[in-house]
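Report on one structure; see the data block that follows.
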Amino acid sequence: MGYVELNVLNNPAPSAAAGPLALGIDLGTTNSLAAAWRDGRPVVLRPEGRSGLVPSVIHFGEGGPPLVGREARDHAVVDPRNTLFSVKRFMGRGLADVAQELATLPYTATENERGVVQLEARGRRYTPEELSALILRKVHEVASSALGAAAPTKCVITVPAYFDDTQRQATRDAARIAGLEVLRIVNEPTAASLAYGLDQRDKGHVAVFDLGGGTFDVTILSIEDGVFRVLSTHGDTHLGGDDFDQRLAELARVALAAEHGDELVRDPAFQQAARQAAEHCKVELSTQPEAELHLMVPHKRIAWRRRVARDEFERLTADLVERTLAACRRALSDAQLQPTEIDEVVLVGGGTRMPVVRRRVAEFFGRIPHTELNPDEVVALGAAVQAHILTGGRRDMLLLDVTPLSLGIETMGGAVSKIIQRNSTIPCEATEGFTTYADDQTAIDFHVVQGERELARDCRTLGRFKLRGLPPMPAGMARVAVRFHIDADGVLSVSAKEQSTGVSAHIDVAPMHGLTDAEVEGMLQAGYAHAQDDFAARRAADLRTEIGTMIQATEKNLNAGRAGLDKESILDLEDALARAKVAAAGSDVAALQRARDEFERAALPLAALLMNNVAQKALMGKSLGEVG
Ligand code: ADP
Ligand code: MG
């Protein structure tokens with residue numbers, strides 16, 4: 001497996017075989033999780049096949065112990081009143097502090113004689129500490145099942161930089177109730193910076209931008225000789241991923257209120273279902289240009305769907321992103337710094353997976369933010385680094401797993417479309433859209449390759465699979481999303497799904513194994529050595545494909561268009577068509593380019609005439625070959 005060195009030094013953990021001595025725990029408003037130091041680096045503790053993320057949600061059923069995590073979150077739809085979430089907002093607060101929060105939440109709260117908030121579910125009252133303890137216990141349980149043995153009870157727990165002493169104390173108390181021993185409470189932005197090894201800088205300024213489920217904060221830290229100091233922190237405790245969900249949910253509310261009346265949209269079960277559908281759609285839009293908002297309320301016999309494009313979503317939520325940037329401006333001004341004085345920007349929180357957030361933050365600070373580690377895991381990873389150091393370990397080097405070679409698929413003409421670039425940190429995923437090359441193509445052949453060369457025949461084949469059962473459609477109409485996913489163990493899975501029909505196919509390959517370091521080195525060298533030739537060969541392949549598509553589209557539509565075109569245009573086009581056919585047989589890039597440009601120009605009158613979506617589409621676009 002390939003590694004990239006983030007920082008100096010290395011030294012294996014003193015007792016790697018004995019398992020970690022302490023956990024790092026991110027106790028979040030929306031999600032919580034544990035990480036630990038293993039084999040010389042921090043890793044998230046995830047039981048096989050699961051993410052390790054525990055939704056910070058508790059459901060009190062009719063009997064038996066309360067459910068915590070994913071199962072509890074699912075109950076939010078059917079039993080919202082007895083499903084408690086966002087408990088972190090109440091930690092160490094009095095009722096007066098949280099009146100505003102309560103107004104927006106479906107459950108009730110009271111205050112006990114000592115002024116501690118208590119939340120009510122199924123006729124019983126619970127303090128936020130007790131509830132957080134239930135979450136911590138669940139996190140510990142998940143960690144134990146990941147480790148295959150009882151997880152350590154010593155831990156480092158993170159809190160927001162703005163938490164005051166009472167809130168920090170409440171967090172410690174929650175841990176005590178859960179049977180855990182807190183070695184240290186660490187600020188979330190500090191933990192995130194530790195995960196990236198930024199403590200190894202002798203001097204510098206770090207901005208940590210954290211967009212969670214219901215809260216946003218940005219913190220400016222200074223580092224000096226490995227010590228972090230909070231210079232300023234700003235944010236909004238009512239701005240997070242949930243607000244982005246709400247904008248999508250609003251689309252459903254408006255449409256369904258018109259159809260079924262206001263009563264429906266006030267139904268708590270409807271609201272929960274809309275929220276979940278919206279979140280699902282939002283998450284898909286982080287990797288796909290378009291996704292479906294799909295809502296079901298079984299007891300009302302409602303199933304509703306609507307497609308949402310990423311552009312539309314970004315327009316609907318632009319003001320939310322702007323609010324995060326306004327907070328960045330204030331945090332900088334409080335720290336008396338200019339954006340250019342920030343040396344590192346770290347993205348934290350699931351909300352920063354949204355491409356628009358990454359883009360805007362990069363623009364704001366004028367530098368590419370750190371995203372090599374999963375933003376919703378980076379705080380727990382940093383807590384694990386701290387836990388390791390506090391239990392006597394030395395962190396001498398931070399290693400990140402990366403893919404040693406690029407991964408992609410073969411497109412028409414034998415070119416490779418790289419989907420995951422080499423040196424991407426794993427786990428990772430990426431999705432790209434493709435379409436069909438020929439009319440009525442009912443199957444597509446996928447050839448998954450690894451390597452830096454531009455043509456598939458020069459790369460290593462990892463596997464092949466077929467997507468069958470496409471309904472006959474004109475070329476360019478099928479919309480196939482190809483998703484590459486590499487899990488933490490380096491296993492690659494590739495899936496292809498045609499969006500309009502839902503037809504899909506899938507293959508698993510293990511790209512990391514089976515190649516020796518020397519082979520990887522050899523393939524990289526070959527990539528560099530042939531870069532020039534490859535580039536030309538690939539360009540030629542792409543141009544030939546493009547011309548081929550244009551020839552097909554023209555031949556198909558020319559007769560229909562004859563009547564509407566003047567003679568000169570027809571002759572011009574026929575001439576360009578003939579010359580394109582000759583050029584397409586060769587491999588001279590310049591000649592191909594000329595033929596393509598010429599052909600494109602000559603085809604314009606026909607294209608304009610047809611104004612036909614299908615033909616227009618066929619005249620551009622990336623295509624996949626037909627199965628022989
Ligand atoms: P918290 O710190 O509040 O506990 P997280 O950092 O786990 O929360 O972030 C949770 C938020 O991140 C949720 O709103 C969730 O919808 C959002 N989120 C998670 N994955 C993605 C994604 N791929 N794209 C967009 N938002 C995401
Ligand atoms: Mg968080």
Side-chain angles (χ1 to χ4, degrees), residues 248 251 277-278 280-295 303-316 354-356 407-413 415-420 429-449 456 464-485 493-507 541-542 545-546 548-550 552-553 556-557 607 610-628:
L248 288 175
L251 293 178
H280 189 80
C281 179
K282 172 189 73 175
V283 166
E284 285 210 324
L285 285 172
S286 289
T287 49
Q288 283 169 215
E290 208 178 282
E292 189 158 82
L293 185 55
H294 181 193
L295 195 144
W304 180 84
R305 47 179 87 221
R306 177 191 192 283
R307 295 207 71 82
V308 180
R310 191 190 281 167
D311 288 355
E312 182 183 10
F313 173 64
E314 293 184 355
R315 271 198 308 278
L316 288 173
M354 288 182 278
V356 62
L407 301 163
I409 59 170
E410 178 173 352
T411 53
M412 269 309 288
V416 174
S417 179
K418 284 183 187 156
I419 296 187
I420 292 182
E429 67 169 64
T431 305
E432 267 215 51
F434 295 92
T435 185
T436 43
Y437 179 71
D439 284 343
D440 302 332
Q441 187 175 333
T442 56
I444 298 175
D445 234 350
F446 288 92
H447 180 198
V448 182
V449 297
R464 293 177 186 273
F465 68 105
K466 275 185 179 145
L467 178 63
R468 297 175 198 276
L470 299 176
M473 287 185 254
M477 285 301 277
R479 279 137 29 93
V480 181
V482 177
R483 176 174 173 271
F484 273 53
H485 175 255
S493 59
V494 181
S495 57
K497 184 171 177 192
E498 203 286 312
Q499 305 285 339
S500 62
T501 53
V503 176
S504 66
H506 159 264
I507 185 178
D542 283 348
T545 304
E546 206 180 326
T549 311
M550 290 165 70
Q552 278 189 13
K556 183 172 147 196
N557 294 299
L610 293 168
M611 279 312 274
N612 173 327
N613 224 347
V614 178
Q616 292 250 324
K617 274 214 173 101
L619 286 167
M620 16 183 206
K622 254 190 269 188
S623 308
L624 292 163
E626 184 169 16
V627 175

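- The shortest non-hydrogen separation linking Met412 to Thr545 is O-OG1, 3.0 Å.
- Smallest separation of non-hydrogen atoms from Thr435 and Ala478: OG1-O, 2.7 Å.
- Of all heavy-atom pairs spanning Glu432 and Lys418, the tightest one is OE2-O, 3.6 Å.
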Q: Evaluate the salt bridge (charged side-chain N to carboxylate O under 4.0 Å, His left out) criterion for residues Glu312 and Arg307: first the C-alpha distance (whole Å), next the side-chain angles of each, then the deciding distance (0.1 Å), finally the verdict.
A: CA-CA 10 Å; Glu312 182 183 10; Arg307 295 207 71 82; over 6 Å; no
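- Between Glu284 atom CD and Leu293 atom CG the span is 10.5 Å, to the nearest 0.5 Å.
- One finds the CG atom of Leu248 at 7.0 Å from the CG atom of Leu285 (value rounded to the nearest 0.5 Å).
- A donor-acceptor contact shorter than 3.5 Å links the side chain of Gln441 to the backbone of Tyr437.
- When side chains are defined from C-beta on, Ser504 does not count as touching Ser495, because their heavy atoms never get closer than 4.5 Å.
- Cys281 SG to Leu251 CG: the interatomic distance, rounded to the nearest 0.5 Å, is 8.5 Å.
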Q | side chain to side chain contact (heavy atoms under 4.5 Å, CB included) assessment of Thr442 paired with Arg468 | A | CA-CA 6 Å; Thr442 56; Arg468 297 175 198 276; over 6 Å; no
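- Annotation: the span from Leu407 atom CG to His485 atom NE2 amounts to 12.5 Å, rounded to 0.5 Å.
- In terms of heavy-atom proximity, Asp439 sits nearest to Ala475 at OD1-N, 2.6 Å.
- Among residues two or more places apart in sequence or in another chain, the side chain to side chain donor-acceptor pair (under 3.5 Å) test is passed with Arg305 by Glu292, His294.
- Residue Gly469 comes nearest to Val503 through the heavy atom pair O-CG2, 3.6 Å, listed as atom of the first residue, atom of the second, then distance.
- Side-chain contact between Thr436 and Leu470: present, with at least one pair of heavy atoms (C-beta onward) separated by less than 4.5 Å.
- Residues Pro474 and Lys556 form a side-chain contact, since some pair of their non-hydrogen atoms from C-beta on lies under 4.5 Å apart.
- Scored by the side chain to side chain donor-acceptor pair (under 3.5 Å) test, Ser500 finds Glu498 as partners (sequence neighbours excluded).
- Applying the salt bridge (Lys or Arg N to Asp or Glu O under 4.0 Å) rule to Glu314 yields the partners Arg359; only residues at least two apart in sequence or on another chain are considered.
- Rounding to the nearest 0.5 angstrom, the gap separating the NZ atom in Lys497 from the OG1 atom in Thr431 is 11.0 Å.
- Going from atom CD1 of Ile419 over to atom CZ of Phe484 covers 4.5 Å, rounded to the nearest 0.5 Å.
- Looking at Arg479 and Glu290, a side-chain N of the basic residue comes within less than 4.0 Å of a carboxylate O on the acidic one, giving a salt bridge.
- Annotation: salt bridge (Lys or Arg N to Asp or Glu O under 4.0 Å) contacts of Arg310 (sequence neighbours excluded): none.
- The side-chain contact (heavy atoms from CB on, under 4.5 Å) search around Ala496 returns Phe446, Phe465, Leu467, Val480, Val482, not counting sequence neighbours.
- Residues satisfying the salt bridge (Lys or Arg N to Asp or Glu O under 4.0 Å) criterion with Arg464, sequence neighbours excluded, are absent altogether.
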